[in-house]
Amino acid sequence: MLVAATLVLGLGIGLTFPVLSATAVSSLKAERYAVGSAVNQTARQIGGAIGIAMLVVILGTPHSVPDALAHFRHLWFFSASMAAVSA
C-alpha cells in the first residue's frame, strides 16, 4: 500500500511541477525568463522548507504512542487543509 501511494505521489509531483514552472514564466519576455524562473524556483524551495518546518513543529516530541497518534492526526489535518487552500 505504501509503495502504491508513493508512486501516485511521485507521479503527481512529476506531472505537476514542470507545468507550474512553465506557467509561472510563460508570460515573461525572453530577457526576463531566467530571472522569473529563478524567482519561481526560489519561492518554491523556501515554501517547501517553511512547510516542512511547520510540520516538524506540529509533530513536536510525543511522549507516548497515543500522543504520537494525536500529533500525526493534527499533522495530516494541517497537510490536507493546506492542500485544499492551495487547490
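From a predicted model like this one, the values you see are computed outputs, not experimental measurements.
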Minimal heavy-atom distance between His63 and Asp67, with the atoms involved, is N-OD2, 3.1 Å
Distance in Å, [X] [atom1] paired with [Y] [atom2], rounded so as to fall on 0.5 Å steps:
X	Y	atom1	atom2	answer
Ile58	Phe77	CD1	CZ	10.0 Å
Phe72	Leu55	CZ	CG	10.5 Å
Met54	Ser79	CE	OG	10.0 Å
Thr16	Leu11	OG1	CG	8.5 Å
Leu59	His71	CG	NE2	7.5 Å

When clusters are formed by joining ILVMFWY residues with side-chain heavy atoms under 4.5 Å apart, either directly or through shared neighbours, do [X] and [Y] land in the same one?
X	Y	answer
Phe78	Ile50	yes
Ile46	Val85	no
Met82	Leu75	yes
Leu20	Ile13	yes

### Task
Using a cut-off of 6.0 Å, state whether more than 12 heavy atoms not belonging to Arg44 lie near its atom CZ.
yes
Could you check whether any side-chain N or O of [X] sits under 3.5 Å from a backbone N or O of [Y], counting only pairs where one atom can act as donor and the other as acceptor?
X	Y	answer
Ser21	Pro18	no
Ser37	Tyr33	no
Asn40	Gly36	no

